[in-house]
Protein chains: 2
Amino acid sequence: MNARNPVEFYFDFSSPYSYIASEWVEAVAARHGRTVRWHAILLGATFQAAELKSPVSYPVKREYALADFQRSARFEGVPYRAPERFPIPTQNAARVFWWLADREPERAAAWAHAGLRAYFTRGVALDAPAPLKALCAEAGLDAEAAEAAWGDPAWKARLKAENDAAIAAGVFGAPSFLVDGELFWGNDRRAQLERWLATGPF
Amino acid sequence: MNARNPVEFYFDFSSPYSYIASEWVEAVAARHGRTVRWHAILLGATFQAAELKSPVSYPVKREYALADFQRSARFEGVPYRAPERFPIPTQNAARVFWWLADREPERAAAWAHAGLRAYFTRGVALDAPAPLKALCAEAGLDAEAAEAAWGDPAWKARLKAENDAAIAAGVFGAPSFLVDGELFWGNDRRAQLERWLATGPF
């Protein structure tokens with residue numbers, strides 16, 4: 001175990017619990033001398049690999065989950081407005097993330113925040129080209145280049161490779177946190193992650 | 001909202017997260033002037049009603065869940081030894097619970113603790129008549145009467161009615177906590193439950 005390993009943070013742009021966790025993960029990591037390495041993934045891919053479905057696809061659990069998203073956001077003090085269309089496909093937003101990630105990881109993380117906040121506080125349709133392109137511009141990116149990237153087979157392949165890598169690492173849902181080889185799944189594993197960072201294996 | 005409403009605690013004798021929560025729920029409730037009303041249920045019934053399955057019935061999630069049971073127990077400082085046979089049918093243990101609950105709720109709660117601890121620290125087979133009967137005797141119950149109760153159509157019907165009532169209350173998994181009309185699902189909702197008890201709705 002290396003005390004300076006980053007916290008590998010796996011998120012999907014359409015995952016409410018990923019959004020909530022994205023608002024605390026950097027501060028929590030920093031308090032323990034860690035950085036965060038962001039990984040945009042597609043829950044559709046990890047769910048398929050693990051034969052899982054979204055909690056909102058089950059009849060009774062759906063109502064609970066929709067209320068729990070809001071309560072969990074309030075619990076963490078995170079602004080949240082349930083998007084009218086939910087969930088949505090997020091491959092284009094994720095490809096923009098990876099397009100940025102190699103060259104400018106800090107801009108990629110900033111884009112992750114921009115996308116998650118836009119969807120979960122203003123309902124911006126990340127799956128529709130026009131609003132996504134406008135959001136890129138608003139976030140200070142070259143919107144034309146971003147649009148070209150999300151349609152480029154190279155970045156489609158990159159996202160697929162990142163999904164496959166996440167699945168190979170044992171990720172089956174989001175948010176997931178992988179630190180020092182230990183996997184934590186869910187916004188609600190915050191306390192366990194914090195203990196791990198503070199004291200090591202328990 | 002009545003500050004003296006009890007915490008309604010729904011558990012299954014074969015649920016690891018229910019066992020972990022059973023070890024802290026009374027202390028948490030007491031700190032906030034609440035009592036706990038225990039409800040033995042069958043996850044098989046709530047899962048069926050909500051079209052859900054156990055996390056250990058999915059290929060990838062299974063490995064994570066089995067490790068998370070242990071880590072979550074350590075996190076809460078609760079002794080835990082993974083039972084060799086898991087999960088097991090728990091209707092007989094649950095019927096003994098309800099047989100006790102009307103007349104002696106405190107003995108019913110003590111039986112819940114005895115059953116959960118026996119299964120999750122010693123692997124006692126709650127689904128087999130001989131070890132269950134021995135456990136009843138060890139727990140200070142009239143073992144013959146307990147055995148008669150779990151085979152009695154009246155207590156079978158009572159357990160079914162309690163499962164139906166839990167499902168009607170929105171319960172789809174265990175542990176679940178219902179307090180002041182608010183439902184919390186999962187051992188990992190402890191912090192949210194504590195805030196609710198401390199400050200009311202948030």
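On a predicted model such as this, the values are computed, not experimentally measured, just so you know. Just the heavy atoms: all of them, side chains too, but no hydrogens, waters or symmetry mates, feed the values below. In what follows, chains carry the letters A, B, and so on, assigned in the order in which the sequence lines appear, proteins first and then strands, with residues in each chain numbered from 1.
Heavy-atom pairs under 4.5 Å with chain A peak, among B:Gly170, B:Pro59, B:Gly173, at B:Pro59. Between chain B and the residues A:Arg190, A:Glu182, A:Glu63, the most heavy-atom pairs under 4.5 angstrom are made by A:Glu182. Between chain B and the residues A:Phe184, A:Trp185, A:Tyr64, the most heavy-atom pairs under 4.5 angstrom are made by A:Tyr64.
Of the two parts of A:Ser72, the backbone and the side chain both hold a non-hydrogen atom closer than 4.5 Å to a non-hydrogen atom of chain B. For B:Arg74, the parts lying under 4.5 angstrom from a heavy atom of chain A are both the backbone and the side chain. Contacts between B:Phe202 and chain A at a heavy-atom distance below 4.5 Å involve backbone atoms as well as side-chain atoms. Of the atoms belonging to A:Phe75, heavy atoms from both backbone and side chain fall under 4.5 Å from chain B. Within the 4.5 angstrom heavy-atom criterion, atoms from both the backbone and the side chain of A:Arg71 approach chain B. With a 4.5 Å cut-off on non-hydrogen atoms, B:Arg62 does not touch chain A at all. Neither the backbone nor the side chain of B:Ala67 comes within less than 4.5 Å of any heavy atom in chain A.
More than 12 heavy-atom neighbours from other residues, nucleotides or ligands sit within 6.0 angstrom of CH2 on A:Trp155.
In this structure, B:Arg158 fails the cation-pi test against B:Trp99, since its NZ or CZ atom is not both closer than 6.0 Å to the six-membered ring centre and inside 45 degrees of the ring normal. Geometrically, B:Lys53 engages B:Tyr58 in a cation-pi contact, judged by NZ or CZ lying under 6.0 Å from the ring centre and within 45° of the ring axis.
A:Phe177 and A:Trp24 have parallel rings, their planes meeting at less than 30° on a 0 to 90° scale where 60° marks the start of perpendicular.
Contact between B:Ile41 and B:Asp12 at its shortest, heavy atoms only, is O-OD2, 3.4 Å.
Aromatic pair A:Phe11/A:Phe13: centroids less than 6.0 angstrom apart. Checked against the 6.0 Å centroid threshold, A:Trp38 and A:Phe97 do not count as a close aromatic pair.
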